[in-house]
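Labels below follow one simple rule: chain letters A, B, ... track the order of the sequence lines, proteins then strands, and each chain is numbered from 1.
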There are 2 protein chains.
Amino acid sequence: MNNDEAAALGSEQMRARIAWYYYVAGLTQQEISDRLGIARARVNKIAGQLRADGSVVVDIRLPLVSCVELEEQLKAAYALKQVAVVPSVADDEQLRRMIGDAGGIMLDALIADGQCISVGWGRTLSASIKRLRSRQLKDSSVVSLMGGLTRGSETNTFEVSTELAKTLGADCYYVTAPIYCPSIESREILLTHSGVNEVMERARKSDLAIVSCGDLSHKTALTAMSSVGERLPDLKKSGAVGEILGTFLDAQGLPVDHILNQRVIAMPPADLKMIPNSILISGGLYKADIIEAILCAGYVNCLVTDEAVAQRLVASRR
Amino acid sequence: MNNDEAAALGSEQMRARIAWYYYVAGLTQQEISDRLGIARARVNKIAGQLRADGSVVVDIRLPLVSCVELEEQLKAAYALKQVAVVPSVADDEQLRRMIGDAGGIMLDALIADGQCISVGWGRTLSASIKRLRSRQLKDSSVVSLMGGLTRGSETNTFEVSTELAKTLGADCYYVTAPIYCPSIESREILLTHSGVNEVMERARKSDLAIVSCGDLSHKTALTAMSSVGERLPDLKKSGAVGEILGTFLDAQGLPVDHILNQRVIAMPPADLKMIPNSILISGGLYKADIIEAILCAGYVNCLVTDEAVAQRLVASRR
DNA sequence: CGCAATATAATACATTTGTATTCCAATAAC
DNA sequence: GTTATTGGAATACAAATGTATTATATTGCG
């Protein structure tokens, strides 16, 4: 291929060439920029994006025995069907990608045609979905498990379900309501009128649920919403350790008595128990408490997390 | 994990940690060496090995349209069942790895339990086999298609079949003879007495054959054997353009009349036609002639090669 | 048309990586 | 016990990479 041809490449084909040359052939970025006739800085940027957006994925074929052991211990301790544990790293974003990758691999094996897949929200979930192989499932559907965020966040609940549906080639059903209603009355109105109930009914009957969870620190995306963030002291006083599907739970995994829980529009966590396969994808030591609460209550039967959290979980069951 | 624990890690677990931290988490080699308490240079070396030995594999999820087009054209032009084309790069070793990767992906999809898989020899084949997922096939076997090299080469025929059998968890049958006999008489003796015939019979009945090919330059491993290398002028005079399974072919794909062909111990190329799936894995522009010859004769029905060769092949069928 | 917004090239620089070299300790061979 | 051999640490340095800055098209819009 000569430079004239290269110059005529669309940006998508440019990305594909860079992916091959850099990640498979092992050319240097300089060589690639020469060959393609573009600035090296651009190659560098695109190469980074390719990793981040899941166009290039790496598989590690050496299991870590310490993680494999933890997986087995967690399965036994919390009666889980499937567990994946990845090594811990300090950087949150890197950890999310690692857990997301592992979650994607688990999902890849569980997803089949003819299923209804319900999905929560979160950056880790978003990473998992990027990792999935795309398919053309004709008889499948994706359902959102919770209302949307009004303040445009980097990842909205709508975005997660849309992306999953697109990747799978499935239909998508949205909970067209805010995650927290302004008042208990408005919640009633929304539930009775807007078709939200039908979607949640569909979610209850789904074959596979994919959820994440949030703790009470400011690191968690949900608490970054002003409506939630300003209530953090309240929530802590009420005994909450974090949330799943927008519902705040205490250390035993029971919903706490708090105004936010009365205004949430999402499937109640207890309903997850009716779903054959439910996966919690979440890690980072600061989420250990809420993860433990969710497992104690038995809301989910599969888990993807990191080594440090797994150790905590195993230790507290001794 | 603290340093004391890390220091106690076996080297295999060390490799696994490095794989995760470097390729998935994206830590720098310095960070990893600090965390594991080892020299950075060692991390660097291991990280390189992990890529090379197939413990870390990368998947590109963006197809190159130019390659996809060539695949379709080749299928049509040479009546092939499956074709994979990867972008070309100048460096031979890099190209081998790319083609090997693509070959591994094709093989992964074709290999099933209960099969007999026959295999030739070559560095590209070796790369393909490294890329395969390991399995536990109880009712499968691997058969070598050709005799061994006496002069210890970096990859011997025995090594390729052994590694494939190990990866698949299958039995392995070897052609316990040199690829070229010292004389026509010794060849007769070997064929009648040593069980070589039984193995070749088994190969003829195999379900899947995996072969590579060699050209007549000194780049090719086979011609590096002194017994072959010194006959290169002869071979060229007799019209040979390269070899498959140790048998030298002319541009039409017919075995040439040459002493080496009379002394080769390997399955004759024509017998490949009886095998349901036969894959030729080979690339590099200097091999275009022999690849074309093999395809013209219809010895194989699947092909893995690179873009430049694919273009040549398509062009010469116009 | 001119203007702002965007994308890319060109450049520079700090960080990270690959690699060679030397040195040291543990181990095996004598 | 002494001497090779080996594997890894320590070091140094060149190459490659990540990133910021500025300059230069290119595009879309009023």
Side-chain angles (χ1 to χ4, degrees), chain A residues 1-58 60 62 89-94 96-98, chain B residues 1-58 60 62 87 89-98:
Chain A
M1 152 162 291
N2 63 41
N3 283 3
D4 294 336
E5 280 179 286
L9 282 177
S11 98
E12 196 56 21
Q13 283 304 298
M14 183 89 85
R15 284 163 46 82
R17 289 258 156 211
I18 292 172
W20 278 95
Y21 289 144
Y22 190 64
Y23 289 106
V24 186
L27 302 193
T28 68
Q29 298 181 352
Q30 186 62 66
E31 286 172 315
I32 297 171
S33 69
D34 290 346
R35 186 184 291 226
L36 262 39
I38 60 178
R40 186 179 66 78
R42 204 171 144 212
V43 175
N44 181 278
K45 192 139 42 106
I46 292 175
Q49 285 170 0
L50 287 166
R51 274 303 305 284
D53 73 10
S55 300
V56 172
V57 301
V58 317
I60 305 295
L62 301 167
V89 290
D91 183 86
D92 277 353
E93 195 176 321
Q94 291 168 342
R96 258 198 301 281
R97 206 180 59 223
M98 292 179 73
Chain B
M1 152 161 293
N2 63 41
N3 282 5
D4 295 336
E5 279 178 286
L9 281 178
S11 97
E12 197 55 23
Q13 284 305 298
M14 183 89 85
R15 284 162 46 81
R17 290 257 156 212
I18 292 172
W20 277 95
Y21 289 144
Y22 190 63
Y23 289 106
V24 185
L27 303 192
T28 69
Q29 299 180 351
Q30 185 64 67
E31 287 171 315
I32 297 171
S33 70
D34 290 347
R35 186 185 290 227
L36 261 38
I38 60 179
R40 186 180 66 77
R42 205 171 143 209
V43 175
N44 181 277
K45 194 141 38 109
I46 292 175
Q49 285 170 0
L50 287 166
R51 275 302 305 283
D53 74 10
S55 301
V56 172
V57 300
V58 318
I60 306 294
L62 302 166
V89 290
D91 183 87
D92 277 352
E93 196 176 321
Q94 292 168 339
L95 185 58
R96 258 198 301 281
R97 206 179 59 223
M98 292 178 73

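- Taking atom CD of residue Gln30(A) and atom C1' of nucleotide dT11(C), one finds them 12 Å apart after rounding to whole Å.
- In this structure, CE of Met14(A) is placed 10 Å from C1' of dT8(C), rounded to the nearest angstrom.
- The CZ-C1' distance, from Arg51(A) to dG18(D), rounds to 15 Å in whole Å.
- Both Ala41(A) and Lys45(A) lie close to DNA chain C; mapped to their nearest nucleotides by heavy-atom distance, the more 5′-ward contact belongs to Lys45(A).
- Side-chain atoms of Arg40(B) lie closest to dA12(D) of the nucleotides dA12(D), dT19(D), dA9(C).
- Distance from the side chain of Tyr22(B) is smallest to dT17(C) among dA9(C), dT17(D), dT17(C).
- Along DNA chain D, the nucleotide nearest to Arg42(B) and the one nearest to Asn44(A) differ in position, and the one closer to the 5' end is contacted by Arg42(B).
- Side chain of Arg97(B) to main chain of Ala52(B): no donor-acceptor pair is present (N/O by atom type, distance under 3.5 Å, no hydrogens or angles).
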Inset, instruction - Take Tyr23(B) and Ile60(A) through the side chain to side chain contact (heavy atoms under 4.5 Å, CB included) test and state the conclusion after the steps. - result: CA-CA 8 Å; Tyr23(B) 289 106; Ile60(A) 305 295; 4.2 Å; yes
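- Remark: P of dA9(C) and CD of Gln29(A) are 14 Å apart, rounded to the nearest angstrom.
- For Gln49(A), the CD atom is densely surrounded, since the number of other residues' heavy atoms within 6.0 Å is greater than 12.
- Between the CZ atom of Arg15(B) and the P atom of dG8(D) there is a distance of 12 Å, given to the nearest Å.
- For Thr28(A), the listed nucleotide lying nearest its side chain is dA16(D); candidates were dA16(D), dT17(C), dT19(D).
- Electrostatic pairing of Arg15(B) and Asp53(B) counts as a salt bridge here, judged by a charged N lying under 4.0 Å from a carboxylate O.
- In this structure, Ile46(B) atom CD1 and dG18(C) atom C1' are separated by 15 Å, rounded to whole Å.
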